[in-house]
Number of protein chains: 2
Amino acid sequence: MKLVDRKLKILQAIIDDFITTAQPVGSRTIAKKYNLGISSATIRNEMSDLEEMGYLVQPHTSSGRIPSDLGYRLYVDNLMKQQELANRQKQLIQKLLINKIFEIEDLVQQSSKVLSKITNLTSLSLSPQFKKSKLKNIKLVQVDNDKVLLILVSSSGIVKNVIFRISEISQSILNKISNLLQAKLKGLTIEDLNDEVINNLKNEIYEYSTTIEALLPILRNTLCEIDDSEIYLDGITNIFNLPEFTDINRAKQFLSTLEKKELMYEVLKDSDQDDVCIKIGRENKLDEIKDYSVITATYKLNGRVIGKIGVIGPTRMNYSNIVPVMRYITDTLSEILKNINL
Amino acid sequence: MKLVDRKLKILQAIIDDFITTAQPVGSRTIAKKYNLGISSATIRNEMSDLEEMGYLVQPHTSSGRIPSDLGYRLYVDNLMKQQELANRQKQLIQKLLINKIFEIEDLVQQSSKVLSKITNLTSLSLSPQFKKSKLKNIKLVQVDNDKVLLILVSSSGIVKNVIFRISEISQSILNKISNLLQAKLKGLTIEDLNDEVINNLKNEIYEYSTTIEALLPILRNTLCEIDDSEIYLDGITNIFNLPEFTDINRAKQFLSTLEKKELMYEVLKDSDQDDVCIKIGRENKLDEIKDYSVITATYKLNGRVIGKIGVIGPTRMNYSNIVPVMRYITDTLSEILKNINL
DNA sequence: GATTAGCACTCGCTAGATTAGAGTGCTAAC
DNA sequence: GTTAGCACTCTAATCTAGCGAGTGCTAATC
C-alpha cells in the first residue's frame with residue numbers, strides 16, 4: 001500500500017493534534033478542525049489503514065488513535081515543518097546566554113536551564129569531557145609548607161586541581177618539575193595518561209627522582225578520580241505539568257531514572273555525534289526510557305564536538321519547535337565558546 | 001491541667017504509632033498494642049484532653065488522632081528515647097565516608113548521600129562557604145601566551161580558579177605580583193575583599209602598576225561571581241515512597257520548593273549554629289515548608305562550624321532515629337576533615 | 001471519684017451500578 | 001470512491017449503599 005498524499009496529511013493532522021491535546025484523536029476532530037475536504041467516514045477508513053501500517057495505535061476499541069513510535073518517526077523525518085524561531089525566542093536565548101559567567105561548565109549548565117525553560121521539558125547536558133581533551137598545562141604550586149596544589153588545564157579551558165601533602169619542597173623545584181612534566185605530557189589527552197605512561201616518567205626524568213617518585217602515585221590517583229561524567233539536569237519538575245505524569249507511579253519511575261546519572265550519561269552517549277539527534281520511544285537502547293523521546297544536539301569548540309545538551313520527555317513532544325530551539329542554542333553556545341576562546 | 005505521667009505515655013504511644021503507620025491512631029489501637037493497663041474508654045478520655053491541650057489533632061470527627069506540631073515538639077524535647085545507633089549502621093556510615101575521595105565538597109556531598117540513604121528522606125547539604133573562610137593563597141599562573149590562571153585557595157582547602165586573558169606577561173612577573181597580592185590579602189576572608197579593598201591595592205602597590213590595573217577588575221569580577229551557595233540535594237525521589245506524597249499535587253509542590261536553591265539555602269541558614277536543630281512544621285520561617293520538618297546538624301573544622309547537612313520531610317518522621325544518625329555523620333565528617341587537615 | 005462496658009452516631013472509603021459521551025466499523029446509498 | 005446513518009463498544013464520571021473504624025456519651029462498676 002502506498003502512502004498517498006492524503007494519508008500523510010491525515011497522519012500529520014493527527015500527530016499535530018495529539019501533540020497539543022494529549023488526547024486520542026478521533027475522525028470527527030480531524031474532519032472539523034483541519035479542513036481536508038473529506039468526511040469523517042473517509043478519514044475513518046484512512047485511519048484504519050494507517051493503523052494497519054503501524055503508524056497509529058488505538059488505546060482501546062472505540063477510542064481515537066494516537067501515533068506510534070513509527071508514526072512519530074515518519075512525522076519527524078518527512079512531515080513536520082520546522083518552525084523558524086520567533087525573534088523573541090532568539091533574543092531570549094541570546095540574552096540568557098550572553099553576558100553570563102564565562103566558566104565553560106556554568107555556560108553549559110545555563111544553556112541547559114534555558115532549554116528546559118523554553119521547552120517545558122527536562123533538559124540534560126554533558127560538559128566538555130576533560131578526559132577526552134588535551135592537556136595544555138600542568139603546574140605544581142606550593143600553598144603551604146607541606147602542601148602542594150596540582151593544577152591540570154585542558155585545551156578546552158577546564159581546570160582541575162587537587163591539594164596533596166608532600167614533605168617540604170621549594171617552589172623553585174616544583175617549577176622545574178612542572179616544566180619537566182609539561183614537556184613530557186603536554187598534548188596527550190587525559191585518557192592517554194594511563195598507569196603505564198605515568199610510570200614510565202620515572203625512567204624518563206632523571207632529576208629530583210625522590211620527589212618525582214612521591215609525586216607520581218598522587219598524579220595517578222588524581223587523574224583516576226577526575227569526575228568526568230558531568231551530567232547536569234534541569235527542569236525536572238516540569239514533567240508534573242504534563243498530563244502523562246498524573247499517574248504518580250509513572251512520575252516516580254521517571255524521576256528515579258533521571259536520578260541515575262550513569263543512565264543519563266548513556267543516553268547522551270548513545271546519540272549521534274553530529275547535528276540534532278532524535279530518538280523516539282523504542283529507538284532508545286535503554287529499557288528505562290523506551291516510553292520516552294530524547295532529542296540531543298552537540299556543541300563545538302574549534303570545530304570539534306566537546307559536549308552535548310538534550311531534552312527528555314514523553315514521545316508526545318513538540319518536535320517541530322524543539323529541534324530549531326536546540327539547534328539555535330547549541331549554535332549560540334558554540335559561538336560564545338569560540339569568542340571567549342579559552 | 002497537668003500533664004500527668006499517663007497522658008505523656010499515651011501521647012508517646014500515639015506518636016510512635018503514627019510515625020510508623022502514617023494512619024490516625026484510635027483509642028483501641030493504643031489499648032491493644034501498648035499495654036498501658038487501661039481501657040480504650042479511658043484512653044479516649046485522655047486523648048480528648050490531649051486534643052484540647054493542643055497536642056493532638058483530629059482530621060475529622062470519628063477518626064483517630066494525629067500529633068500536632070506542638071505534640072511533636074513535646075515528643076522531641078521530652079519523650080523520645082534517642083536510639084543508640086546499631087553498630088551495623090555506624091559501620092555503614094564509616095565505610096561510606098572513609099576511603100572516599102578527599103575533595104572537601106565531594107565529601108560533604110557523600111555525607112548527604114549517606115544521610116538520605118539511611119533516613120529515606122531528602123537530604124540537603126551546605127558545603128563550606130568559601131566567602132566566609134580566609135584566603136590562604138593567591139597565585140597567578142601562566143597557561144598560555146596571553147592567558148593567565150588566577151587561583152584562590154581558602155584556609156578550609158577549597159580552591160577556586162578562573163582563566164582570563166591579559167596581554168603578554170611573563171611568569172616571573174606574575175610570581176612577583178602574586179607575592180605582593182598575597183602579602184596584602186592573606187588572612188582576610190573572601191567577603192572582606194570588597195571593591196574598596198581591591199581598589200586600594202592600586203595605591204598600595206607601586207610596582208607593575210599597569211599590569212595591576214588590568215588585573216584588579218578581573219580579580220573583582222572573579223570574587224563577585226564565586227558561586228557560594230553550594231546547596232546539594234540527594235534522595236529527592238525518596239519522598240515517593242511516603243504515603244504523604246500519593247497526592248501528585250503535594251509531591252509537585254514539594255519538589256518545586258526543593259528545586260529552588262535559594263529557599264533551601266534559607267532553610268539551612270535559618271537553623272541553629274550548634275548541635276542538632278529540629279524545626280517542626282510551623283516552626284519553620286518559610287511558608288513553603290510549614291507542613292514539613294527539617295533537621296539539621298553542623299560539621300566543623302578547627303572547632304569552627306564550616307557547613308551543615310540536614311534532612312527535610314513530612315512532620316511525621318522518625319526523629320528518634322534521625323537525630324543520632326545525623327550526629328554520628330557530622331561527627332564522622334568533622335573527624336575526617338580534621339585528619340585530612342587541609 | 002475514677003474506670004469501663006455498651007451503644008448510638010459520624011464520617012470517610014469502597015464497590016457496584018448507572019449513565020453519558022466519544023468514537024468506531026459496517027452497510028447501504030450516493 | 002465517498003459519505004450518511006446507525007448499532008455497538010468502551011471509558012470515565014457520577015451516584016448510591018453499606019461497611020468499618022472510631023468517637024462521645026451514659027450508666028454501671030470498682
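All values derive from a computational prediction rather than experimental measurement. Order of the sequence lines sets the chain letters (A, B, ...), proteins ahead of strands, with each chain counted from 1.
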Answer yes or no: does a side-chain N or O of [X] lie under 4.0 Å from OP1 or OP2 of [N]?
| X | N | value |
| --- | --- | --- |
| A:Arg6 | D:dT2 | yes |
| A:Ser39 | D:dT3 | yes |
| B:Thr42 | C:dT4 | yes |
| A:Arg65 | C:dT24 | yes |
| B:Ser63 | D:dA21 | no |

If you count every heavy atom of other residues, nucleotides or ligands that lies below 6.0 Å from A:Lys269 atom NZ, does the total exceed 12? no
Rounded to the nearest Å, what distance is computed from the [atom1] atom of residue [X] to the [atom2] atom of nucleotide [N]?
| X | N | atom1 | atom2 | value |
| --- | --- | --- | --- | --- |
| B:Ile43 | D:dG24 | CD1 | P | 13 Å |
| B:Phe18 | D:dA21 | CZ | P | 18 Å |
| B:Ile38 | C:dA5 | CD1 | C1' | 15 Å |
| B:Gln58 | C:dT10 | CD | P | 14 Å |
| B:Leu56 | D:dG24 | CG | C1' | 16 Å |
| A:Arg44 | D:dA7 | CZ | C1' | 12 Å |
| B:His60 | D:dT23 | NE2 | P | 10 Å |
| A:Ile30 | D:dT2 | CD1 | P | 17 Å |

Can you tell me whether the side chain of B:Arg28 and the base of D:dG22 have a donor-acceptor pair closer than 3.5 Å? no
Ignoring hydrogens and angles, does a donor from either the side chain of A:Ser62 or the base of D:dT9 sit under 3.5 Å from an acceptor on the other? yes
Checking C:dA5, D:dT3, C:dT10 against the side chain of B:Ala41 (C-beta onward), the nearest is C:dA5
So which nucleotide from C:dG6, C:dC26, D:dT3 ends up closest to the side chain of A:Asn45? D:dT3
Strictly distance-based, threshold 3.5 Å: is any side-chain N or O of A:Thr119 a donor or acceptor partner for the main-chain N or O of A:Leu115? yes
Please tell me which of A:Thr61 and B:Pro59 maps to the more 5' nucleotide of DNA chain C, matching each residue to the nucleotide holding its nearest heavy atom. B:Pro59
Look at B:Arg250 together with B:Glu244 and state whether they make a salt bridge at an N to O cut-off of under 4.0 Å. no
Using a 4.0 Å heavy-atom cut-off across all strands, classify B:Ser40 as base, sugar-phosphate, or nothing. nothing
Please walk me through it: do A:Phe254 and A:Tyr292 pass ring-ring contact (aromatic ring centres under 6.0 Å, His included)? CA-CA 9 Å; A:Phe254 185 60; A:Tyr292 301 92; 4.5 Å; yes
Is it true that the side chains of B:Tyr75 and B:Asp16 contain a donor and an acceptor less than 3.5 Å apart? yes
